[in-house]
Amino acid sequence: MSGKRAPRALWGTGEGSAARVLRYTAGDDAHWDGRLLRWDILGSLGHADGLRASGLLSVREHRELREALRDALRAAERGTFRIGPSDEDVHTAVELRLTRRLGADGGRLHTGRSRNDQIACDLRLYMKDRLLNLHDDAGALVEALLRFAARHRTAVWPGLTHGRRAMPSSAGAWAAAFADGLLVTLAGWPSIWARVDRSPLGTGAGYGVPLPLDREAAARALGFAEVEQLPATVQNGRGKIEAAALAWCSEVAHEVGRLASDVVALASDDVGFLVLPRALSTGSSLMPHKRNPDLFELTRGRAALVDAALVTTLLVKTKLSGGYNRDVQLLKPPLMEGLDRTSEMLRMMAEALPLLRVERERALAALDSGTLSTDEVMRRVSAGAPFRTAYRAVAAEVAAGRLFPRPKVDSILERRRSIGGLGNLGLTVLRQRLAAARREVGRARRPFVTAMARLRG
């Protein structure tokens with residue numbers, strides 16, 4: 001390929017590359033790397049500590065690199081240090097800043113490190129931060145759902161199967177079920193954290209580094225629980241860890257998307273069990289009366305985009321050979337977008353849920369005779385009739401048009417006292433599970449936050 005030659009890259013061989021090739025291979029990486037800038041600097045601070053512990057940096061060199069990196073971190077957080085158009089990536093931007101300040105000594109930071117283990121470290125630090133925030137966001141929605149369930153425990157309405165009225169349920173049971181579903185997903189969070197909480201530094205390009213690196217010192221400096229033992233595991237795992245995090249997000253999105261879809265249906269004009277306040281609805285440019293559930297429709301759509309991010313990641317990583325492959329550069333956009341969208345959905349739904357109003361009388365009135373037929377069967381069973389006999393008799397009466405009287409709400413609840421039933425939602429147990437999940441994430445958070453604060457100085 002002919003064309004203008006590009007400047008020599010930090011990672012280049014000295015032969016140069018066509019500018020068009022560099023533009024194509026870099027793609028929009030600088031945009032996504034901008035979100036990794038602070039993590040690249042913090043990772044470099046941890047790496048510098050590891051080099052000092054390994055005897056590969058003098059006290060002076062370590063001090064000067066640490067001061068320069070902390071200065072870069074402050075500049076990045078102020079917005080005065082950014083990845084420029086001439087920078088290949090986040091690693092180049094940081095190294096060039098160091099060499100401008102320290103001269104040749106700035107290049108010592110790359111001792112014992114490849115961009116391969118460097119980006120793996122950046123991404124793991126980034127993911128740890130995002131996963132902590134996501135756990136907090138999911139917990140906040142669970143809390144909002146439990147408050148809604150407690151407030152509307154006696155707001156009885158028809159439960160649906162196949163989109164048709166089935167049996168009595170309640171607004172409280174509806175909200176509690178979504179809280180329970182999110183808590184089940186939160187229970188899987190520690191396994192994702194454990195996979196991310198392993199330091200890749202010192203593995204180089206996937207085959208280790210011929211230097212006496214104290215990998216454990218670098219891991220401790222960065223708050224990792226342990227090191228990734230075998231170097232090849234780091235590069236072979238690219239895409240695998242991202243997919244695991246996005247699969248967890250997909251589970252969260254499953255609950256949030258279904259919750260949003262239910263709100264759209266339950267607040268429709270034809271159902272009307274829920275009422276959207278004006279703060280949660282949008283209007284029409286043509287029809288003055290419209291109050292549209294755009295917030296919930298877009299949440300449902302964004303849940304699908306989280307699944308799309310997971311699928312993209314799975315497809316990119318599929319059938320890659322062992323070792324590093326440049327394809328994995330393309331994993332950054334779906335990872336970051338998927339994590340962002342999951343957080344955004346959780347926060348919006350936690351804010352919106354308390355504003356929903358339940359139309360109790362309309363919901364109760366919707367308990368028609370068919371919806372109460374199972375209650376009538378069980379009433380007869382309780383009086384001694386065999387189930388199948390009672391079922392057939394009630395089915396014949398329903399077909400003949402008989403209307404069964406609606407029991408009082410207290411009676412409907414009282415007949416459902418089994419754990420999880422309308423009269424026994426077990427909200428206290430759900431709150432205890434939320435508290436336990438928060439304690440566990442607190443234990444995971446402390447070493448990471450402490451390490452980051454120490455590196456920042």
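Partners of S58 under the side-chain hydrogen bond (donor to acceptor under 3.5 Å, both in side chains) rule, at least two apart in sequence or in another chain, are E61. For Q329, the side chain to side chain contact (heavy atoms under 4.5 Å, CB included) partners two or more places apart in sequence, or in a different chain, are D29, R326. Judged as a side chain to side chain contact (heavy atoms under 4.5 Å, CB included), and not counting sequence neighbours, the contacts of A232 are N236. Not a single ring pair (Phe, Tyr, Trp, His ring centres under 6.0 Å) links W32 to another residue, sequence neighbours left out. Residues passing the ring pair (Phe, Tyr, Trp, His ring centres under 6.0 Å) test with Y324, sequence neighbours excluded: none. In this structure, the ring pair (Phe, Tyr, Trp, His ring centres under 6.0 Å) partners of F273, at least two apart in sequence or on a different chain, are W157. Looking at residues two or more places apart in sequence or on another chain, you find a side-chain hydrogen bond (donor to acceptor under 3.5 Å, both in side chains) between T154 and R360. Residues satisfying the side-chain hydrogen bond (donor to acceptor under 3.5 Å, both in side chains) criterion with R443, sequence neighbours excluded, are absent altogether.
Taking 4.5 Å as the limit, some side-chain heavy atom of E67 sits within range of a side-chain heavy atom of R101. Put simply, the side chain of E351 does not reach to within 4.5 Å of the side chain of L295, judged on heavy atoms. The side-chain heavy atoms of M127 and W39, taken from C-beta on, include no pair separated by under 4.5 Å. Looking only at side-chain heavy atoms (C-beta outward), E64 and R108 stay at 4.5 Å or farther from each other. E297 places a side-chain heavy atom less than 4.5 Å from the side chain of D294. Looking at V263 and L276, their side chains come closer than 4.5 Å, going by heavy atoms from C-beta outward. Looking at D105 and R60, their side chains come closer than 4.5 Å, going by heavy atoms from C-beta outward. In this structure, the side chains of L427 and R431 come closer than 4.5 Å at one or more pairs of heavy atoms.
Counting only residues at least two apart or in different chains, side chain to side chain donor-acceptor pair (under 3.5 Å) contacts with residues 199-214 are absent. Residue pairs that meet the salt bridge (charged side-chain N to carboxylate O under 4.0 Å, His left out) test with at least one member in residues 137-162, sequence neighbours left out, are D137-R347, E143-R147, E143-R438. Among residues at least two apart or in separate chains, salt bridge (charged side-chain N to carboxylate O under 4.0 Å, His left out) pairs with a member in residues 177-186 are D180-R433. Residue pairs satisfying the salt bridge (charged side-chain N to carboxylate O under 4.0 Å, His left out) criterion with at least one member in residues 228-249, sequence neighbours excluded, are listed as follows: R124-E228, R198-E228, R238-E242.
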task = Tell me, with the steps shown, if D117 and R215 meet salt bridge (Lys or Arg N to Asp or Glu O under 4.0 Å).
result = CA-CA 12 Å; D117 62 340; R215 296 186 58 208; over 6 Å; no
task = List the steps and the verdict of side-chain contact (heavy atoms from CB on, under 4.5 Å) for L201 and L222.
result = CA-CA 10 Å; L201 286 179; L222 287 164; 3.5 Å; yes
message = Applying side chain to side chain donor-acceptor pair (under 3.5 Å) to S250 and D307, what does each step give before you reach the verdict?
response = CA-CA 6 Å; S250 179; D307 288 343; 2.4 Å; yes
inquiry  = Evaluate Q118 against S44 for side-chain contact (heavy atoms from CB on, under 4.5 Å), listing each step before the verdict.
reply    = CA-CA 8 Å; Q118 189 173 353; S44 294; 4.2 Å; yes
inquiry  = side-chain contact (heavy atoms from CB on, under 4.5 Å), that's the test. Do V256 and V306 meet it? Break it down for me.
reply    = CA-CA 11 Å; V256 178; V306 173; over 6 Å; no
request  = Evaluate side-chain contact (heavy atoms from CB on, under 4.5 Å) for C121 paired with F224, printing each intermediate quantity in order.
outcome  = CA-CA 10 Å; C121 182; F224 284 108; 4.3 Å; yes
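Taken from CG in L134 to CD1 in I192, the straight-line distance is 11.5 Å, to the nearest 0.5 Å. The structure places CG of L125 at 9.5 Å from CG of L36, a figure rounded to the nearest 0.5 Å. Taking OG1 of T312 as the start and CG of L335 as the end, the distance is 11.5 Å to the nearest 0.5 Å. Remark: L266 CG to L356 CG distance equals 9.5 Å, nearest 0.5 Å. In this structure, D40 CG and Y126 OH are separated by 14.5 Å, a value rounded to the nearest 0.5 Å. Residue L65 holds its CG atom at 6.0 Å from CG of L57, rounded to the nearest 0.5 Å.
At least one donor-acceptor pair under 3.5 Å links the side chain of D197 to the backbone N or O of A225. In this structure, the side chain of N424 does not engage the main chain of L422 through any donor-acceptor pair within 3.5 Å. Distance alone, capped at 3.5 Å, is enough to place a donor-acceptor pair between the T80 side chain and the A75 backbone. Side-chain atoms of H47 come within 3.5 Å of backbone N or O of L109 as a donor-acceptor pair.
Looking at every heavy atom in both residues, A243 comes nearest to L314 through CB-CD2, 3.9 Å. Across all non-hydrogen atoms, the minimal contact from A53 to A217 is CB-CB, 3.5 Å. Here the shortest heavy-atom pairing between S191 and G188 reads OG-O, 2.7 Å. Between A155 and V358 the shortest heavy-atom distance is CB-CG1, 3.9 Å. Contact between L280 and F296 at its shortest, heavy atoms only, is CD1-CZ, 4.2 Å. Across V252 and T185, no two heavy atoms sit closer than the pair CG2-CG2, 3.7 Å.
Using cut-offs of 30° and 60° on the angle between ring planes, the pair W174 and F148 is perpendicular. Taking the six-membered ring for Trp and thresholds of 30 and 60 degrees, W193 and W189 have nearly parallel ring planes, at less than 30 degrees apart.
Remark: of the listed residues R220, R66, H62, H62 is the sole one forming a side-chain hydrogen bond (donor to acceptor under 3.5 Å, both in side chains) with D49.
Between E95 and R113, none of the side-chain N atoms (NZ, or NE/NH1/NH2) sits under 4.0 Å from a carboxylate O, so this pair counts as no salt bridge.
Atom CZ of R417 is surrounded by more than 12 heavy atoms from other residues, nucleotides or ligands within 6.0 Å. Counted within 6.0 Å of CZ on R454, heavy atoms from surrounding residues, nucleotides or ligands total more than 12; the atom is thus considered enclosed.
No side-chain N or O of D340 forms a donor-acceptor pair with one of S343 less than 3.5 Å apart.
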